[in-house]
Amino acid sequence: MSAVSHRLPTFPWDKLAPYKATAAAHPDGIVDLSVGTPVDPVPEPVQKALAAAADSPGYPTVWGTPELRDAITGWAERRLGARDVTHRHVLPVVGSKELVAWLPTQLGLGPGDKVAYPRLAYPTYEVGARLARADHEAYDDPTELDPANLRLLWLNSPSNPTGRVLSRQELTRIVAWAREHGVLVVSDECYLELGWETDPVSVLHPDVNGGSHEGIVAVHSLSKRSNLAGYRAAFLVGDPAVLGPLLEIRKHGGMMTSAPTQAAVVAALGDDEHVRVQRERYAARRTALREALLAHGFRIEHSEAGLYLWATRDESCWDTVARLAERGILVAPGDFYGPAGERFVRVALTATDERVRAAVARLA
């Protein structure tokens, strides 16, 4: 076991513990804007669907029920503009983090193979490469990478942590380059329904991929758009030549979403109203926190989509973390997401309205 754990970096959130203790000592309690875990209720139709499926004594299938696959294909066509999506183009997964961490291994990557991800990125992209003993490289523009031995190219739009959105033109150029060099593109689009200053586009859109799913897979999650982080509900949509073998591997590994969760996902993907309501909650919190941070001397970059504000005071991120912790506000240091974030902090919008008001008051 130690041989595996030694491949991995120190778990970043452990470094935040002393600052969390400082923030928690505030007389009015901590305002935790660090992790980005949903705090609002699970939508009622989803809860009802989960409860109705509670009597599920048998094993679920890895591929999911036909109803679940119908819900995913219908949503991908309705919301993402994807075309000709069949059951062969979809695969449920047990939350998106599990998928990100184990995809290189399940693809059969190893020493000599390379995984690439954005310069500022969700740390689990690197963790997945390390678990597979594959090489890894961060990029600013993926088309400037050396394609030799590049087997997996991660895109993340909208970005965690920066909220940056890749334009339709950028996505089209990247997909074309990857296909030219035989590189699999996996696009993490878990924040796609949370565009604020722009409307994010999926790699599944025919304007991006030319009407073909060859060599592309999109990752989607219900954690943020439906408050289902506790359900571990996500799915893939894309190239059947990639998803078919993954399905067989995941059958052998027993990687199956629970039957009640599958029923809940069907309900969540079939109801757009709760997504609209949740967006309005986040939009109001975003406006309040953004204005308070700017008034406090922060500069905010990107952040045009997603659940975070990427903010800086042009100082070490840890100095900013300490300064805010003294006010009872906990944020994530930017270097969690790569050395390029060393002067930024990530401020999550995932706090109750009451806690957001408390943060605004403390920043004033």
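Everything numeric in this text was worked out from a predicted model, so none of it was measured.
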Does [X] [atom1] have over 12 foreign heavy atoms under 6.0 Å away?
{"X": "Gln47", "atom1": "CD", "result": "yes"}
{"X": "Arg281", "atom1": "CZ", "result": "yes"}
{"X": "Trp196", "atom1": "CH2", "result": "yes"}

To the nearest 0.5 Å, tell me how far [X] [atom1] sits from [Y] [atom2].
{"X": "Thr320", "Y": "Phe298", "atom1": "OG1", "atom2": "CZ", "result": "5.5 Å"}
{"X": "Leu269", "Y": "Leu68", "atom1": "CG", "atom2": "CG", "result": "7.5 Å"}
{"X": "Glu248", "Y": "Leu243", "atom1": "CD", "atom2": "CG", "result": "12.0 Å"}
{"X": "Leu103", "Y": "Thr105", "atom1": "CG", "atom2": "OG1", "result": "8.5 Å"}
{"X": "Ser221", "Y": "Leu228", "atom1": "OG", "atom2": "CG", "result": "8.0 Å"}
{"X": "Leu171", "Y": "Ser157", "atom1": "CG", "atom2": "OG", "result": "5.5 Å"}

Has the side chain of [X] got a donor or acceptor atom that lies under 3.5 Å from a matching backbone atom of [Y]?
{"X": "Arg313", "Y": "His296", "answer": "yes"}
{"X": "Gln278", "Y": "Asn227", "answer": "no"}
{"X": "Thr124", "Y": "Val127", "answer": "no"}
{"X": "Arg286", "Y": "Ser303", "answer": "yes"}
{"X": "Asp239", "Y": "Gly215", "answer": "yes"}
{"X": "Ser56", "Y": "Ala53", "answer": "yes"}
{"X": "Thr73", "Y": "Asp70", "answer": "yes"}
{"X": "Arg83", "Y": "Gly81", "answer": "yes"}
{"X": "His205", "Y": "Asp207", "answer": "yes"}

Verify same cluster id: [X], [Y] (apolar side-chain graph, 4.5 Å):
{"X": "Val219", "Y": "Val165", "value": "no"}
{"X": "Val203", "Y": "Val115", "value": "no"}
{"X": "Trp63", "Y": "Leu99", "value": "yes"}

Between [Y] and [X], is there a side-chain heavy-atom distance shorter than 4.5 Å?
{"X": "Leu307", "Y": "Tyr282", "value": "yes"}
{"X": "Thr143", "Y": "Ile174", "value": "yes"}
{"X": "Glu126", "Y": "Tyr117", "value": "yes"}
{"X": "His26", "Y": "Ile30", "value": "no"}
{"X": "Leu107", "Y": "Leu152", "value": "yes"}
{"X": "Leu236", "Y": "Val90", "value": "no"}
{"X": "Val217", "Y": "Val237", "value": "no"}
{"X": "Thr312", "Y": "Val345", "value": "no"}

**Request:** Give every residue pair that meets the salt bridge (Lys or Arg N to Asp or Glu O under 4.0 Å) criterion with at least one member in residues 40-52, sequence neighbours excluded.
**Result:** Asp40-Arg285, Glu44-Lys48

**Residue pairs, two or more places apart or on separate chains, that pass salt bridge (Lys or Arg N to Asp or Glu O under 4.0 Å) and touch residues 133-143** = Lys114-Glu137, Arg119-Asp140, Asp141-Arg173

Looking at every heavy atom in both [X] and [Y], which two are closest together, and how far apart are they?
{"X": "Pro38", "Y": "Ser223", "result": "CG-O, 3.3 Å"}
{"X": "Pro158", "Y": "Pro200", "result": "CG-CG, 3.7 Å"}
{"X": "Trp177", "Y": "Pro142", "result": "CH2-O, 3.5 Å"}
{"X": "Pro206", "Y": "Asn209", "result": "CA-OD1, 3.3 Å"}
{"X": "Cys317", "Y": "Pro333", "result": "SG-CB, 3.8 Å"}
{"X": "Thr257", "Y": "Gln262", "result": "O-NE2, 2.9 Å"}

Using the test salt bridge (Lys or Arg N to Asp or Glu O under 4.0 Å), find all partners of [X] that sit at least two apart in sequence or belong to another chain.
{"X": "Asp113", "value": "Arg151"}
{"X": "Asp28", "value": "Arg355, Arg362"}
{"X": "Asp146", "value": "none"}

Mind checking whether [X] and [Y] have ring centres under 6.0 Å apart?
{"X": "Trp154", "Y": "Tyr122", "answer": "no"}
{"X": "Trp13", "Y": "Phe336", "answer": "yes"}
{"X": "Trp75", "Y": "Phe235", "answer": "yes"}

**Prompt:** Are Arg357 and Glu354 within salt-bridge range, i.e. N to O under 4.0 Å?
**Reply:** no

**Prompt:** Would Glu193 and Lys224 pass as an ion pair if we require N to O under 4.0 Å?
**Reply:** no

Side chains of [Y] and [X]: any donor to acceptor distance under 3.5 Å?
{"X": "His274", "Y": "Ser226", "answer": "yes"}
{"X": "His302", "Y": "Arg164", "answer": "no"}
{"X": "Tyr191", "Y": "Tyr308", "answer": "yes"}
{"X": "Arg346", "Y": "Asn160", "answer": "yes"}
{"X": "Glu189", "Y": "Ser202", "answer": "yes"}
{"X": "His89", "Y": "Thr86", "answer": "yes"}

**Prompt:** Who are the side-chain hydrogen bond (donor to acceptor under 3.5 Å, both in side chains) partners of Glu98, not counting sequence neighbours?
**Reply:** Arg250

**Prompt:** Looking at Leu294, Leu289, Val347, which hits side chain to side chain contact (heavy atoms under 4.5 Å, CB included) with Ile300?
**Reply:** Leu294

**Fill in**
Partner of Asp32 under side chain to side chain contact (heavy atoms under 4.5 Å, CB included), picked from Ile329, Thr37, Leu330, is Leu330

**Request:** Please assess Glu301 against Arg299 for the test salt bridge (charged side-chain N to carboxylate O under 4.0 Å, His left out), listing each intermediate value before the final yes or no.
**Result:** CA-CA 7 Å; Glu301 292 191 359; Arg299 186 176 76 256; 3.2 Å; yes

**Asked** For the residue pair Phe344 and Trp310, does the interplanar ring angle fall in the parallel (under 30°), tilted (30 to 60°) or perpendicular (over 60°) class?
**Response** parallel

**Message:** For a side chain to side chain donor-acceptor pair (under 3.5 Å) check, start with the C-alpha distance between Asp188 and His220, then their side-chain angles and the critical distance, and finish with the verdict.
**Reply:** CA-CA 7 Å; Asp188 180 347; His220 285 273; over 6 Å; no

